[in-house]
Student: 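Sharing a structure, written as structure tokens. Questions coming.
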Amino acid sequence: MTSRKLPAALAALALMTFAAGTKAHDAPPPAKAPPARLLFWSGFEEGVFVGAPRDCYAAGCWQDLLGTDAATGFSWPPKIAGGNAAFQLRSGAPSMPWTIADYIVNEIQTVTGRTGAPTRAHHVVMKKTGCTATASQNGSPCSAQDPYLLRAASEPGDLYISFWRKLDPSLLNKLVNGWHVVFEWKSTGDYRVISQIVNYGGARPYWQVTADNTANGGLAYQQFWRTEIKTIPVPIGQWFKFEVFWHRSKSSDGRVWMAVNGQKLVDKLGPNYGVNSNPIDRIFLMQLYSAATYPLEQWTDDVQIWRTFPTAKPGDPWYDGVYAPH
């Protein structure tokens, strides 16, 4: 070894000794493992992307959300109760992979998040429907929408779901005497729970939560219960946190609980099975379905799915800012 190379070799040896025996002060701490009850968690960070439209049919196409979230380690799609998940881009018109974007576009955008910092979020825009163009589809048979469907293969049991949502800032001008869906789940034909924003009769938008049998089972309509909440504001053009929990039962211990920005919307106890005791097979996680006029857009961020109410405190990586009492 020449004397010219000796200092470099000694420096390399010192660096190796430092790496083996010490830890750099600015190295990130080891990631804290999430609780087993946390089934899924993603903020659409690096690694998450929207696939190409596929399997088009008479009223739309399907589309996947794919990839592993670099911040959480969870991969899309969530697999709940042995099932799968995908967007159903229901345009209301015969569509092909190269024409569906005339109606609906899903993408991951970098936007200003709920804390004021940049964040990656799911963004969807519905430009028009196949039945009414840019007019409201209220009263039409179109059912044009863009749900991200968790398609459970069997009854999923108790679940808690939360996400942050930002509605189209122009929704107040576009929704007239109508409804705008925020979340719903359906059984295989006999039970549905749905949360909507409505402004019937020209009222200011308010929350409406309903349980009925509108689950595509061909049954004569039956409403089990309905709750209207006018004391909790509907944030338009602002990020808000939506939480939902349910425990299915044929007895009095059944429960449907929902909250917005830490304020409880509903906590309904009692049976929540339909006439045929059918299992839940569709959970509409990210849903854009509205009686507003088009185009219409919205954003969703920080999705979490738990087996029960979450265990989280400030400092936990999965801590999500605000939680309603339960």
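Computed over heavy atoms, backbone and side chain alike; hydrogens, waters and symmetry mates excluded.
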Student: Could you check whether any side-chain N or O of Q63 sits under 3.5 Å from a backbone N or O of A52, counting only pairs where one atom can act as donor and the other as acceptor?
Tutor: no

Student: Out of curiosity, T188 OG1 to D281 CG, how far, rounded to the nearest 0.5 Å?
Tutor: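 Between T188 OG1 and D281 CG, I get 5.5 Å after rounding to 0.5 Å.
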
Student: What heavy-atom pair brings S91 and G60 nearest, and what distance separates the two atoms?
Tutor: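 In terms of heavy atoms, the two residues are closest at OG-CA, 3.9 Å.
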
Student: To the nearest 0.5 Å, how far apart are CZ in F49 and CG in D64?
Tutor: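 Answer rounded to 0.5 Å: 9.0 Å.
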
Student: Quick one: does K241's side chain get under 4.5 Å of S162's, heavy atoms only?
Tutor: yes

Student: When you measure from the side chain of N199 to the backbone N and O of L175, does any donor-acceptor pair fall under 3.5 Å?
Tutor: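 Yes, N199 side chain to L175 backbone: donor-acceptor pair under 3.5 Å.
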
Student: Could K128 and Y103 be counted as a cation-pi pair, given that NZ or CZ must be under 6.0 Å from the ring centre and within 45° of the axis?
Tutor: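 Judged by the rule, K128 and Y103 form a cation-pi pair.
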
Student: T119 pairs by side chain to side chain contact (heavy atoms under 4.5 Å, CB included) with which of T112, T110, D301?
Tutor: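 Testing each of T112, T110, D301 against T119, the sole residue satisfying side chain to side chain contact (heavy atoms under 4.5 Å, CB included) is D301.
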
Student: State, with a plain yes or no, whether a side-chain heavy atom of V125 is found less than 4.5 Å away from one of H123.
Tutor: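 Contact flag for V125/H123 side chains = yes.
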
Student: Excluding sequence neighbours, so at least two apart, what forms ring-ring contact (aromatic ring centres under 6.0 Å, His included) with Y319?
Tutor: Y323

Student: Is F183 linked to V193 within one hydrophobic cluster, defined over Ile, Leu, Val, Met, Phe, Trp and Tyr using a side-chain heavy-atom separation of less than 4.5 Å?
Tutor: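 In one cluster with F183: V193, yes.
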
Student: Roughly how far apart are W207 CH2 and T231 OG1, rounded to 0.5 Å?
Tutor: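 Answer rounded to 0.5 Å: 11.5 Å.
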
Student: Between M126 and D168, is there a side-chain heavy-atom distance shorter than 4.5 Å?
Tutor: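 D168 vs M126: side chains apart.
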
Student: Compare every heavy atom of A93 with every heavy atom of S95, then report the nearest pair and how far apart it is.
Tutor: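 Looking at all heavy atoms of both residues, the closest pair is OG-O, 2.9 Å.
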
Student: Spell out, as yes or no, whether a donor-acceptor pair under 3.5 Å connects the side chain of Q137 to the backbone of S143.
Tutor: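 Answer holds: yes.
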
Student: Transitively linked via ILVMFWY side-chain contacts under 4.5 Å: V48 with W62?
Tutor: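 Different clusters.
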
Student: Taking all non-hydrogen atoms of both residues into account, name the closest pair between S187 and W185 and its distance.
Tutor: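 Smallest heavy-atom distance, with atoms named: N-CE3, 4.4 Å.
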
Student: With a 3.5 Å distance limit and no angle check, can you tell me whether N138 reaches the backbone of G178 through a side-chain donor-acceptor pair?
Tutor: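 Checked: no pair found.
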
Student: What are the two closest non-hydrogen atoms of Q263 and A324, and how far apart are they?
Tutor: N-CB, 4.1 Å

Student: Consider salt bridge (charged side-chain N to carboxylate O under 4.0 Å, His left out). Of K186, R226, R192, which one does D212 pass it with?
Tutor: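 Of all the options given, the one that passes is R192.
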
Student: Are V303 and Y160 co-members of a hydrophobic cluster defined by side-chain heavy atoms under 4.5 Å apart?
Tutor: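 Linked within one cluster.
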
Student: Using modelled atom types and a 3.5 Å cut-off, is there a donor and acceptor pairing between side-chain atoms of T132 and backbone atoms of T129?
Tutor: no

Student: Please, which pairs that meet ring pair (Phe, Tyr, Trp, His ring centres under 6.0 Å) have at least one residue in residues 250-274, sequence neighbours excluded?
Tutor: W257-F309

Student: Is it possible for you to say whether V322 and V244 belong to one hydrophobic cluster, with membership spreading through side-chain heavy-atom contacts below 4.5 Å?
Tutor: no

Student: Does some side-chain heavy atom of L219 sit less than 4.5 Å from a side-chain heavy atom of V275?
Tutor: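 V275 vs L219: side chains touch.
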
Student: If you measure from CZ on R165 to CH2 on W239, what distance do you get to the nearest 0.5 Å?
Tutor: 9.0 Å

Student: Counting C-beta onward and ignoring hydrogens, is there a side-chain heavy-atom pair between H180 and L167 closer than 4.5 Å?
Tutor: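 Yes, their side chains come closer than 4.5 Å.
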
Student: Just jot down the ring-ring contact (aromatic ring centres under 6.0 Å, His included) partners of Y294, sequence neighbours excluded, or say none.
Tutor: none

Student: Suppose we screen for side-chain hydrogen bond (donor to acceptor under 3.5 Å, both in side chains). Which residues come up paired with H326, at least two apart in sequence or across chains?
Tutor: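 Listed in chain order: nothing, the list is empty.
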
Student: Mind checking the CG-CD spacing from L171 to E297? Nearest 0.5 Å is all I need.
Tutor: 11.0 Å

Student: Side chains of Q208 and W179, heavy atoms from C-beta outward: is any pair under 4.5 Å?
Tutor: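 Not in contact.
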
Student: What closest approach, in Å, do N173 and V176 show between heavy atoms, and which atom pair accounts for it?
Tutor: O-CG2, 4.3 Å

Student: Any idea how F163 and F242 line up, ring-wise: parallel (<30°), tilted (30 to 60°), or perpendicular (>60°)?
Tutor: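 Parallel, since the angle between the ring planes stays under 30°.
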
Student: Does a side-chain heavy-atom distance below 4.5 Å link W318 with K32?
Tutor: yes

Student: Can you find a side-chain donor-acceptor pair between K250 and S277 that sits under 3.5 Å?
Tutor: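 K250 vs S277: donor-acceptor pair found between side chains.
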
Student: Would you find a donor on one side and an acceptor on the other, under 3.5 Å apart, between the side chain of N213 and the backbone of A220?
Tutor: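 Present.
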
Student: Could you check L296 against K174 for side chain to side chain contact (heavy atoms under 4.5 Å, CB included), going step by step and ending with a plain yes or no?
Tutor: CA-CA 8 Å; L296 196 68; K174 294 180 176 180; 4.0 Å; yes

Student: With the 4.5 Å side-chain cut-off for hydrophobic clustering, are I197 and F284 part of the same group?
Tutor: no

Student: Could you check whether any side-chain N or O of K268 sits under 3.5 Å from a backbone N or O of T210, counting only pairs where one atom can act as donor and the other as acceptor?
Tutor: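 Absent.
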
Student: Checking W164 now: which residues fulfil ring-ring contact (aromatic ring centres under 6.0 Å, His included) with it, not counting sequence neighbours?
Tutor: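 Result, ring-ring contact (aromatic ring centres under 6.0 Å, His included) vs W164: none returned.
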
Student: Is there side-chain contact between I108 and L65, with at least one heavy-atom pair below 4.5 Å?
Tutor: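 When only atoms from C-beta onward are counted, L65 and I108 do touch, with a gap below 4.5 Å.
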
Student: Would R307 and D158 count as a salt bridge (charged side-chain N to carboxylate O under 4.0 Å, His left out) if you check the C-alpha gap in whole Å, the side-chain angles of each, and the deciding distance to 0.1 Å?
Tutor: CA-CA 6 Å; R307 175 54 63 197; D158 292 9; over 6 Å; no

Student: Within the side chain of Q88, is there an N or O that forms a donor-acceptor pair under 3.5 Å with the backbone of L149?
Tutor: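 Side chain of Q88 to backbone of L149: no pair is present.
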
Student: Report the distance from atom OG1 of T311 to atom CH2 of W306, rounding to the nearest 0.5 Å.
Tutor: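 Separation between the atoms: 5.5 Å.
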
Student: State which residues pass ring-ring contact (aromatic ring centres under 6.0 Å, His included) with Y148; sequence neighbours excluded, sorted by chain then number.
Tutor: W76, F87

Student: Does the salt bridge (charged side-chain N to carboxylate O under 4.0 Å, His left out) test come out yes or no for R120 and D69, once each step is laid out?
Tutor: CA-CA 11 Å; R120 282 165 54 98; D69 188 312; over 6 Å; no

Student: State whether the side chain of N272 and the backbone N or O of S249 hold a donor-acceptor pair below 3.5 Å, judged by distance alone.
Tutor: yes

Student: Taking all atoms of both residues into account, what is the closest heavy-atom pair of N177 and Y200, and its distance?
Tutor: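 Shortest heavy-atom separation between N177 and Y200 comes out as OD1-CA, 3.1 Å.
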
Student: Assess, by modelled atom type and distance only, whether the side chains of D253 and S251 contain a donor and an acceptor separated by less than 3.5 Å.
Tutor: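 Judged by distance alone, the side chains do not pair up.
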
